[in-house]
Amino acid sequence: MTTKNDEKASEEIQVPLLLHSHSSKYEENEENNHENLKYRIWVESKKLWRIVGPAILSRITSYSMNVITQAFAGHLGDTELAAISIVSTVIVGFDFGLLLGMASALETLCGQAYGAKKYHMLGIYMQRSWIVLLGFCVMLLPVYIFASPVLKFLGQPTNVAELSGYVSLWMIPLHFSFAFLFPLQRFLQCQLKNSVIAWVSLVAFIVHLSISWLFVYGLKLGVVGTAVTLNISWWVLVLGLFGYTVCGGCPVTWSGFSIEAFSGLWDFLKLSTSSGVMLCLENWYYRILILMTGNLKNAEIAVDALSICMTINGWEMMIPLAFFAGTGVRVANELGAGNGKGAKFATIVSVTTSTIIGLVFCLIIVILHNEIGIIFSSSKPVLDAVSKLSVLLAITILLNSVQPVLSGVAVGSGWQSKVAYINIACYYLVGIPVGLVLEWVFHQGVMGIWAGMIFGGTALQTVILAIITIRCDWEKEKRIQRKDKSARFDPWQN
């Protein structure tokens, strides 16, 4: 039986995570007040945007560095654009998704430790994540070293594959930056220091914009210069966040390097690996689309056009991904506080807000379909191909304004394993086969591949997640969360 003292202690643990005592109190008495719906939406939106706002800024500035790199490469030539696009989207994207997912294990462990006031463990967990991710970076090095023969084997044009392999070698420093950056970001996010990540990301973006012009046009370093700028800018991110952490920014959670980081590595490795697999299944999906397009006739133009569309989609995707993070936190907070109705309302507000933003960007793509590719290429065949693909790009953006938010609900509710199975079924058992049929059987080219993967994969997954969310019994979820607390992995046993 829960005592009053236990309930009081539980409330005290949750305060650092919520930081909105007045709003939380308001929601606890939700059934007893008669405030209008607008006020409830306003209260929830303030909580949501406190997380989403800085997350959007940091994600967009970080991703924009890749966009700028592709834009500079695109004006060097079609082959250079295709090479840098394949390296950024496929080769770097391959390990990016895995390492990002592995680092997400810290969201659970650091979040629990911070809520339970075991502050010193946050630094220990981050160091363990550095060790594990650094080991995986070494194991993934062959992806960069043997990129050229692998791309040729997968059917990419010889000139594109050779240049891509050369550029990939220059991306190895960027590859190792992920092992340090991703754990740092999650370490700070669990302490609600999102604004720090946003400001450091903005500084790195300004640095990247400046040195891109210098290296490509000033020093005439060509496509290699574009790769070097990415290395420098991402390491600026790492050093900025690391400097803030160790130089007094986190005096409670960072107590210096510790030998304790080497204990419990096996359990941490298992948790990190399972988290990585769940996230990379979705992240790799559109990387496969780029590779499939490389086997088409006139592949160079098709890869350039599709890469431009994927870059624009990825750029806008930073907004719903920020909502993914915000929704996960809000739903988890409310369920952890025993407020099932609050979790449901947080879901409604988040999905609605993200969908409205998605509709705006969808309309922009439709209206400016002839102009959206100009910043990446001056080649008329490429621009014409981008214009033809703009309808599919608009549909993808609209779907992606809903799907990540529903995934955030799943994460906040603890449905990760269920969503992993849904991802495999929708993306790899339905989406890719449908795309292949439309291209090989009906000869629809890149539009057939992409359309099949959109409607067979992304749309189907969105519908399934929507049905699960709508049919969710939030009061039952609240009871499950309370019951499972005692059965969860104890992050403080080591």
For atom NZ of Lys344, decide whether the heavy atoms of other residues, nucleotides or ligands shown that lie under 6.0 angstrom number more than 12.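 No, not enclosed.
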If you count heavy atoms of other groups shown closer than 6.0 angstrom to CH2 of Trp130, is the number above 12?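 More than 12 heavy atoms, drawn from other residues, nucleotides or ligands, come within 6.0 Å of this atom.
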Test item: [X] side-chain N/O and [Y] main-chain N/O as donor-acceptor pair under 3.5 Å:
X: Ser168; Y: Gly165; value: yes
X: Ser129; Y: Pro183; value: no
X: Thr61; Y: Ser58; value: yes

At what distance, to the nearest 0.5 angstrom, does [atom1] of [X] lie from [atom2] of [Y]?
X: Ser201; Y: Phe205; atom1: OG; atom2: CZ; answer: 11.0 Å
X: Thr352; Y: Glu44; atom1: OG1; atom2: CD; answer: 11.0 Å
X: Ile172; Y: Ile145; atom1: CD1; atom2: CD1; answer: 5.5 Å
X: Ser164; Y: Ile84; atom1: OG; atom2: CD1; answer: 8.5 Å

(Q) Taking Asp384 first and then Lys388, would you say they form a salt bridge - that is, a charged N and a carboxylate O separated by under 4.0 Å? (A) no
Next item on the list: Applying side chain to side chain contact (heavy atoms under 4.5 Å, CB included) between Leu133 and each of Leu100, Asp95, Leu99, report the one that passes.
Entry: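 Per the side chain to side chain contact (heavy atoms under 4.5 Å, CB included) rule, the option paired with Leu133 is Leu99, out of Leu100, Asp95, Leu99.
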Test side chain to side chain contact (heavy atoms under 4.5 Å, CB included), reference Ile395, set Leu393, Leu399, Ile397, output is Leu399
Return the orientation label for the Phe182 and Phe178 ring planes: parallel under 30°, perpendicular over 60°, tilted otherwise.
parallel
In short, side-chain hydrogen bond (donor to acceptor under 3.5 Å, both in side chains) pairs touching residues 231-242 with sequence neighbours left out are His208-Ser233
